[in-house]
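All values below were derived from every heavy atom in this structure, side-chain atoms included, with hydrogens, water molecules and symmetry-related copies excluded. Per chain, numbering begins at 1; letters A, B, ... match sequence-line order.
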Protein chains: 2
Amino acid sequence: MIPMTSPPPPPIPAFQITQPLCAVFRRHLKELGQKYTPERAMILDTLIELDDVFQADQILSTLQDSGYRVSKATIYRTIKLLQDAGIIQQVLVDAEQAHYVLAYGRQPRDLLVNADTGEITTIEIPELAALRDKVCAQHGVKAQGHRLIVYATNS
Amino acid sequence: MIPMTSPPPPPIPAFQITQPLCAVFRRHLKELGQKYTPERAMILDTLIELDDVFQADQILSTLQDSGYRVSKATIYRTIKLLQDAGIIQQVLVDAEQAHYVLAYGRQPRDLLVNADTGEITTIEIPELAALRDKVCAQHGVKAQGHRLIVYATNS
DNA sequence: GTCGGTGCAAATGCTTTGCATTGAT
DNA sequence: ATCAATGCAAAGCATTTGCACCGAC
């Protein structure tokens, strides 16, 4: 955690955003003529702390537990902005609710879902990108990305 | 297409189910003490004809176009039964609606989504299972399956 | 007559949206 | 003052469920 380079608005003294992502987000907002608000800062900070994979309602309850008050609507609107900015990516792990992962500046992150515990972690299969590109070439299209979810059980 | 081995109830004369899947489904239903009804037969037959990947509402509209009348509720209930029977598997391609693929007796089927056209086809990456198993072993878990979705654009 | 199956309509739960209010420049 | 962001409550939409009716054995 590195202190924010420029001060956030007063109501949220404790939040400190990981610098690169914060900068990326601010730049994206500026391009759109939109503002870097306290709510948006809180949400970005929270999802950085919720490691690997998170859901919208986890952000809500994490913030509420810390005594902050943000509406669901703002969380969903901010999630959309963060996707546009390339900071997070939606991943569909189950049909109940959308999950998201931090994506900025990273390889596509593959997921390992433990069917026994429900735990979701990220894994790396470096060979996959090349395999994927080859198959796409065979089909006459260009790979833009992929999403791999591996389902596993204990031992 | 092979004629059904035992006659369906009168209202649906034209439907003929691919025999192996029909047999698997009937066996599964029998195990549960449930019945192989005309509606269930129509739904299974329809999803076999909707090749590769389908959604619940495609089954509904396909049946309606053919002049058959089935309720959404029955389609969703039957889809669940077919999943239990291992005949179809849910795949999450986008956040709007669940997609399904025929799964019985097949390798896990990987998907290629054309972002330009929305077209979804199945692909094979045979090397993937081994890679996946290796990573799971490293994490101390046993792979049960996986889902790969490759997003691509034209040329 | 007992069971389960179906259709309908209502309920559910995540996500989105309309609108009045608020806040920043 | 203007312009956008927020919160709330209502709307949307895919999916599920409760319930009354129907049909098969």
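Between the CD1 atom of A:Ile43 and the C1' atom of C:dT15 there is a distance of 14 Å, given to the nearest Å. Following rounding to the nearest Å, B:Leu60 (CG) and C:dT6 (P) show an atom-to-atom distance of 14 Å. Remark: P of D:dA14 and CG of A:Asp94 are 18 Å apart, rounded to the nearest angstrom. In this structure, A:Glu96 atom CD and D:dT16 atom P are separated by 8 Å, rounded to whole Å. The nearest whole Å value for the distance from the NE2 atom in A:His99 to the P atom in C:dC14 is 12 Å. Atom-to-atom, CD1 of B:Ile75 to P of C:dG7 comes out at 9 Å; the value is rounded to the nearest Å. Distance CG (B:Leu92) to P (D:dA14): 15 Å, rounded to an integer number of Å. With rounding to whole Å, B:Met42 atom CE is found 9 Å from C:dT6 atom P.
Comparing B:Lys35 and A:Asp57 along DNA chain C, the residue whose closest nucleotide (by nearest heavy atom) sits nearer the 5' end is B:Lys35. DNA chain D is contacted by both A:Thr78 and B:Tyr100; A:Thr78 maps to the nucleotide lying nearer its 5′ end (nearest heavy atom per residue).
Put simply, A:Arg40 has a side-chain N or O that comes within less than 4.0 Å of OP1 or OP2 on D:dT6. OP1 or OP2 of C:dT16 has at least one side-chain nitrogen or oxygen of A:Lys80 nearer than 4.0 Å. Close to D:dT6, at under 4.0 Å from its OP1 or OP2, lies a side-chain N or O of A:Thr37. Contact annotation: B:Tyr76 reaches the phosphate of D:dT15 (side-chain N/O to OP1 or OP2, under 4.0 Å). Phosphate proximity of C:dG7 to B:Thr74: present, with a side-chain N or O under 4.0 Å from OP1 or OP2. Look at A:Gln34 and you'll find a side-chain N or O under 4.0 angstrom from OP1 or OP2 of D:dA5.
Contact annotation for B:Ala98: backbone-only contact, meaning every heavy-atom pair under 4.0 Å involves sugar-phosphate atoms and none involves a base. Nucleic acid contact for A:Arg77: base, since at least one base atom lies under 4.0 Å from a heavy atom of the residue.
At a threshold of 4.5 Å between side-chain heavy atoms, the hydrophobic network of Ile, Leu, Val, Met, Phe, Trp and Tyr places B:Leu60 and B:Val101 in two separate groups.
Residues A:Leu32 and A:Leu81 meet the side-chain proximity criterion, which asks for heavy atoms closer than 4.5 Å.
Side-chain contact of A:Gln144 with B:Thr153: a donor-acceptor pair under 3.5 Å is present, judged by distance alone.
For the ring pair (Phe, Tyr, Trp, His ring centres under 6.0 Å) condition, no pair includes a residue of residues 116-155 of chain B, sequence neighbours left out.
Nearest heavy-atom pair, A:Gln89 versus A:Ala103, reported as atom, atom and distance to 0.1 Å: CG-CB, 3.7 Å.
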